[in-house]
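Predicted, not measured: the structure shown is a model, and the values here were computed from it. Numbering starts at 1 and runs along the sequence shown.
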Amino acid sequence: MTTIAPDARMAGVARTYPPRAAVVSWIFFDWAAQPYFTLITTFVFAPYFATAVAPNPAAGQSLWGFAMAAAGLAIALLSPVLGAIADASGRRKPWIAGFGTVLVLASCTLWIGKPGDHAVIPLVLTAVALASVGAEFATLFNNAMMPTLVPPERIGRLSGTGWATGYIGGIVSLIIVLGLLAANPETGRTLLGVTPLFGLDPLTRQGDRAAGPLTALWFIIFVTPMFLFTPDYPAKRPLREALREGLSELKQSIKSLPRQKSLAAFLLANMIYTDGLVSLFAFGGIYAAGTFGWHTIQIGTFGIMLAIAGALGAWLGGKLDDRLGPKRVIAGSLLVLLLSVAAILLVDKDSVLFVKTAPPQAGAALFSSAAERAYLVLGCLIGAAGGPLQAASRTLLIHLAPKDRIAQYFGLFALTGKVTSFIGPLLIGLVTALTASQKAGMAVLVVFFVAGLGLLMRVRD
């Protein structure tokens, strides 16, 4: 495929883009990496750790929060440096391979997290933090390949397709774990009513622990086409020179922000509400496990429904984005998230919005209590709002950023989305530890969405 690059149109210079196989192979990186976020940090291993490995759910939520905070801090400190290298040095694949290896080895290590074995907690949390760093930085360098794959006017479609593919990959991996590997310790059966494959023992929760090795194997298999068929950037300059040049350009971009007040306000708002959204997804499963006593099957089924709601919400959000503009879509999504979190804090196992209800009964049907169904509805609202929030944020950046430096500002956009990613988990962990209350820890998220919405109101689209 040959097209005219925007910066070369005046000169009539044609730019050649790789074939469809290269683009499809790149898209499959999202499919390859998503199980880490779906299986480990959200719906399977994180709730399992909090309820079965840690001394109690509140301690588990607190310890998990500290581990995620440490990983987020490392990501925040290293993102500017690695982003500068990605822009200036050229090569991406060696960095993806290196950080992908960290993700694979750390994910496999999670198998040692046996129920009630408190001695392995430090090693498990270290592995989780390293896997998070590996996944995030492999994604950073993979994203940096986008401008060479399709013409500029199709980058949004490429990004959206990758995002959707990742959603689907997460759902498929979750169905595999719930339907074939992880069984209820009481019945010995998976969600599909079968005994776990490979003789995995329900009593020692081997199906839950298998989420780690499965994530590693899944990544190796599905990231391989990208290495085989997607062309890399040519090497531009030595590492030291690239680092110096990249950091200089980043410094210039940051210095120019005070003169672009709407763009600066938006980047700050994005930094805050993204931190809240990531924390909400990271701790939603842990909170449900502690409140209702849900096991992997209930939490995983909940996760599948959230992912479906997220896909539908993103599709509807795209329609509303064209009709109403991205700022209104972001504001509406934040309002839905704010109200949903506030409502969740008023749902307990035996009450919904101050109304007493029958608590969940052992052996009852899935989501049979009123409180569980209320949590399910509120969770789906959160999933439906999260997709359009992130998609419309990219669109609003395109509206606000200088057109001749759009790639540079997408890098800055990614930086603001990560630079404070440790604050949400850290605050949740601290408040939970100080109060011994999961509910108090989750209440912190209200502040993030209120602050993000307030800053968004200062943005002029």
Side-chain angles (χ1 to χ4, degrees), residues 35-75 99 101-136 173-174 177-178 181-186 188 196-220 282-283 285-290 293-297 299-300 422 425-426 428-430 432-433 436 438 441:
Y36 167 75
F37 303 101
T38 300
L39 300 181
I40 294 179
T41 66
T42 308
F43 296 117
V44 177
F45 195 86
Y48 160 72
F49 173 84
T51 57
V53 182
N56 57 71
Q61 177 170 297
S62 178
L63 289 169
W64 191 269
F66 294 143
M68 291 294 98
L73 181 59
I75 292 166
F99 286 112
T101 300
V102 174
L103 169 62
V104 167
L105 295 177
S107 297
C108 288
T109 303
L110 299 182
W111 173 259
I112 68 171
K114 297 179 181 179
D117 188 354
H118 299 163
V120 302
I121 288 178
L123 182 56
V124 167
L125 292 177
T126 300
V128 166
L130 288 174
S132 182
V133 169
E136 292 288 355
S173 65
L174 193 54
V177 170
L178 298 182
L181 303 180
N184 188 321
E186 298 174 359
L197 295 181
F198 314 116
L200 296 175
D201 183 9
L203 294 179
T204 57
R205 306 291 290 274
Q206 289 184 339
D208 304 73
R209 292 153 52 197
L214 175 63
T215 294
L217 180 62
W218 185 285
F219 183 82
I220 292 171
F283 287 92
I286 294 176
Y287 183 78
W294 285 359
H295 295 296
T296 301
I297 290 178
I299 295 172
F422 66 95
L426 178 61
I428 292 176
L430 283 174
T432 304
Q438 288 184 280

For residues 107-125, tabulate all N or O donor-acceptor pairs below 3.5 Å that involve a side-chain atom, not counting sequence neighbours.
from: Ser107; atom 1: OG; to: Leu103; atom 2: O; distance (Å): 2.7
from: Thr109; atom 1: OG1; to: Leu105; atom 2: O; distance (Å): 2.9
from: Asp117; atom 1: OD1; to: Ala119; atom 2: N; distance (Å): 3.3

Gap between atom [atom2] of [Y] and atom [atom1] of [X] - 0.5 Å precision:
| X | Y | atom1 | atom2 | value |
| --- | --- | --- | --- | --- |
| Asn56 | Gln61 | CG | CD | 10.5 Å |
| Leu430 | Ser62 | CG | OG | 7.0 Å |
| Phe219 | Thr101 | CZ | OG1 | 8.0 Å |
| Ser173 | Leu181 | OG | CG | 10.5 Å |
| Asn184 | Arg205 | CG | CZ | 8.5 Å |

Worksheet item: Would you say the side-chain atoms of Thr42 pair up with the backbone N or O of Thr38, donor to acceptor, closer than 3.5 Å?
Response: no
Worksheet item: With distance as the sole test, does Thr215 use its side chain to make a donor-acceptor pair with the main-chain N or O of Ala211 at under 3.5 Å?
Response: yes
Looking at side-chain heavy atoms only, is the closest gap between [X] and [Y] below 4.5 Å?
| X | Y | result |
| --- | --- | --- |
| Tyr36 | Thr41 | yes |
| Glu136 | Phe99 | no |
| Arg209 | Thr204 | yes |
| Ile220 | Val104 | yes |
| Ile75 | Ser132 | yes |

[X] and [Y]: which non-hydrogen atoms are nearest, and at how many Å?
| X | Y | answer |
| --- | --- | --- |
| Pro196 | Ala183 | CG-CB, 3.6 Å |
| Leu130 | Ala106 | CB-CB, 4.1 Å |
| Gly60 | Phe49 | O-CE2, 3.8 Å |

